[in-house]
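For reference, the structure is listed below as structure tokens.
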Amino acid sequence: MEADTSTEDEGINASSGLLQHEEVSLVEPKGFFSGRLFRVVVAVGILALLTVLVAVVVVSLVHSSAANTTAPATFNWASYYGNHMVLQQGPHRAVLWGYGEVGATVNVSFTSGYYSTTVYKGKDGQGVWKVSLDPIPPGGPHQIHGVHDVNGTLQRISLENVMFGDVWVCSGQSNMEFTVGQAFHAPQTIAEADNFTDIRLFTVERMQSDKPLYDLDKILQPWAVASSESVGGADWKYFSAVCWFFGRDLYKHLGYPIGLVATTWSGTAIETWSPPQVLDTCNITHSEETEDFELVGWPREHSVLWNAMIHPLLNMTIMGAIWYQGESNTPEPDSYSCSFPGMIDSWRKEWYMGTGGQTDRHFPFGFVQISTETQPGEMNMGYPAIRWHQTADYGYVPNPVMPNVFMAVAVDLVDPISPFGSIHPRDKQDVGSRLVLSARAVAYNEANVLFQGPRPVSVDVDTEQKTVRRTYPTSVNIKANEGFEVCCSPDLDQCSMTSQEWVPVPIVSSTSYSITLQLTQDCWENVTYIRYLWKEWPCDFKECAVYSGENDLPEAPFFGCMMEPDKKPPC
């Protein structure tokens, strides 16, 4: 509208100039009647031109007033609110926020009611407003309207086709960024996405910052209804395969809208996604390994992705988050048992505070225990170490250090011929379904859901046969006889994760609920420690040793005490 007003003003000035030029060049004819008639005609012409001038000025003022009423120049939603989005359902209260003129009144109207607030000065000096809706049951679509009032001058914005359901954030490095189009059975999966219009997708663009941002600077994929187009974007762009399969399978089970927010960056270490206070607590400093990331274009500075790709989302109420990361920390895995639980707790605390308590203080957090890389037989101990540290050295979740956390084991989902490198297995469908099974038990508190692989409840030693029997509470399916190792020393220093004292012990027999391991003649009296799947590539695709007989979930890798399965070393 301002452009139109400017054009009209320029027209007025041009007319005035033309009128002045004509007055100077007029020549009055000779004769009484001719002169009088001439003067009358000129007067009438001038009056007509003045009338036109007044009319043009009035129209210009009206246009200017209209611009103040409707143009969203100062009043808007925050970047990640848009048509087709999902807002968090009750019992949580969805938070809406955006920008306006400091001191203005903002009124938000919605099916459930009318909400009013005042624009205040934000931390960066910009005017900010925020409201929390009443708890809304799942469903839709809905319309949400906002009105910005400054002394009677109104601006209006709206959100269309909004659904209420559960909002999940999906984050991590390349295996979370890995898109549906790169996964197995991509054409069929992408085509079927048109059937899931109650799932909505949003993808954050890669960006980094040396200080916390309060809104996103870039968006790769605005909120979109799930479709073959929105799910089947370019490789490494959108949409995240693990995020999609998790959300799709969750929707199939729950039957109400799901919102998925993907915020990922390939090749990134956990330090880039963690707030500074977590790294300080864990005494983590920069290393030569992280400095190498910069050479290939990966962010290396601590907290830069937390600042730019997580912190801006903290005002949005969410149900929970899922995470697939760890490969970039395998060169230096030791600090992960501190940094990962620390990052989870910090995200929870900050989201709780950012939404004014509307996001649960201990919201459910799921992760994928990393798969593998290279080929069988190689001895990169960083991979088994990261898998162990992902559980805070318990071997399972939830645990005392990681409450309300769930996990999908992916150590057996290997893909040696993946065109994207063996570090990027294409089977993301099983990852998603395993995550959903765990989420049902942990995040949604469903009873009687067997969501973990086998874990023994007792261990017995036969000194005559020199065997160890591990008994499980539910039925097991044995697919191989390899994977277990024992350390021939009672000393933990001799039985470290990288020690050479470990020797393989095969499975020599099994029942529906137990396995029997055969110890060697010279290594059984001093055996205190045992470990399982402690290799970078411990088995072929779904061919590790022990699986659940009920749902085919693998027993997770572990390192622990021979006779006390739930005890953390030292034994």
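Worth saying up front: this structure is predicted, and the values here are computed from it rather than measured.
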Kindly say whether [Y] contributes a backbone atom to a donor-acceptor pair with the side chain of [X] at under 3.5 angstrom?
| X | Y | answer |
| --- | --- | --- |
| T179 | K237 | no |
| S227 | S230 | yes |
| S548 | V476 | no |
| Q173 | Q325 | no |
| R300 | A269 | no |
| D360 | G320 | no |
| Y532 | A545 | yes |
| E177 | S266 | yes |

What's the shortest heavy-atom distance between [X] and [Y], and which atoms?
| X | Y | result |
| --- | --- | --- |
| Y336 | G326 | OH-CA, 3.9 Å |
| M316 | T359 | O-OG1, 4.0 Å |
| Q369 | A556 | OE1-CB, 4.2 Å |
| S371 | A410 | OG-O, 3.1 Å |
| T528 | C571 | CG2-CB, 3.5 Å |
| D249 | G432 | OD2-C, 4.3 Å |

Applying salt bridge (charged side-chain N to carboxylate O under 4.0 Å, His left out) to D430 and not counting sequence neighbours gives K542

Salt bridge (charged side-chain N to carboxylate O under 4.0 Å, His left out) involving D194 - partner list, sequence neighbours excluded: none

Could you walk me through whether L435 and V368 pass the side-chain contact (heavy atoms from CB on, under 4.5 Å) test, one step at a time? CA-CA 8 Å; L435 276 173; V368 182; 3.9 Å; yes

May I ask you to test the [X]-[Y] pair for a side-chain heavy-atom distance under 4.5 Å?
| X | Y | result |
| --- | --- | --- |
| M85 | F202 | no |
| T391 | F558 | no |
| W502 | W534 | no |
| N551 | F451 | no |
| L437 | V449 | yes |
| L313 | V261 | yes |
| I507 | L517 | yes |
| V242 | N175 | no |

Measure the [atom1]-[atom2] distance between [X] and [Y] for me, rounded to the nearest 0.5 Å.
| X | Y | atom1 | atom2 | result |
| --- | --- | --- | --- | --- |
| L314 | E350 | CG | CD | 6.5 Å |
| Q221 | E229 | CD | CD | 9.5 Å |
| T516 | Q465 | OG1 | CD | 10.0 Å |
| S274 | W306 | OG | CH2 | 9.0 Å |
| M381 | E536 | CE | CD | 8.0 Å |
| I344 | H362 | CD1 | NE2 | 12.5 Å |

Could you go step by step and tell me if F363 and H92 meet the side-chain contact (heavy atoms from CB on, under 4.5 Å) rule? CA-CA 11 Å; F363 65 75; H92 310 274; over 6 Å; no

Set of residues satisfying side-chain hydrogen bond (donor to acceptor under 3.5 Å, both in side chains) with respect to [X], sequence neighbours excluded:
| X | result |
| --- | --- |
| W273 | T268 |
| Y444 | D166, W168 |
| Y472 | E555 |
| Q429 | none |

Which residue, F406, F340, Y324, W347, forms the ring-ring contact (aromatic ring centres under 6.0 Å, His included) with F367? F340

According to the side chain to side chain donor-acceptor pair (under 3.5 Å) rule, which pairs have a member within residues 404-415, sequence neighbours left out? D412-R434, D412-Y547, D415-R426

Here the side chain to side chain donor-acceptor pair (under 3.5 Å) pairs for residues 448-459, sequence neighbours left out, are R455-D566

Would K568 and Y394 count as a cation-pi pair here, with the cationic atom under 6.0 angstrom from the ring centre and within 45° of the axis? yes

Classify the angle between the aromatic ring planes of W388 and F559 as parallel (below 30°), tilted (30 to 60°) or perpendicular (above 60°). perpendicular

Answer yes if the side chains of Y529 and Q494 hold a donor-acceptor pair under 3.5 Å, and no otherwise. no

Please check if any side-chain donor atom of E327 sits under 3.5 Å from a side-chain acceptor atom of T330, or the reverse. no

Does R469 CZ have over 12 foreign heavy atoms under 6.0 Å away? no

State which residue, out of N307, D280, L279, fulfils the side-chain contact (heavy atoms from CB on, under 4.5 Å) condition with H302. L279

Once salt bridge (charged side-chain N to carboxylate O under 4.0 Å, His left out) is applied, what residue pairs with a partner in [range] remain, sequence neighbours excluded?
| range | result |
| --- | --- |
| residues 339-348 | D345-R361 |
| residues 477-490 | K479-D552, E485-R531 |
| residues 250-266 | none |

Test of understanding: with ring pair (Phe, Tyr, Trp, His ring centres under 6.0 Å), list the residues that count as partners of F420, not counting sequence neighbours. F178

Begin from the C-alpha positions of V411 and T372 and carry the test side-chain contact (heavy atoms from CB on, under 4.5 Å) through to its verdict. CA-CA 6 Å; V411 66; T372 188; 5.9 Å; no

Please find out if less than 6.0 Å separates the ring center of F365 from that of W351. no

Given side-chain contact (heavy atoms from CB on, under 4.5 Å), test I478 with V546 step by step and report yes or no. CA-CA 5 Å; I478 307 305; V546 184; 4.0 Å; yes

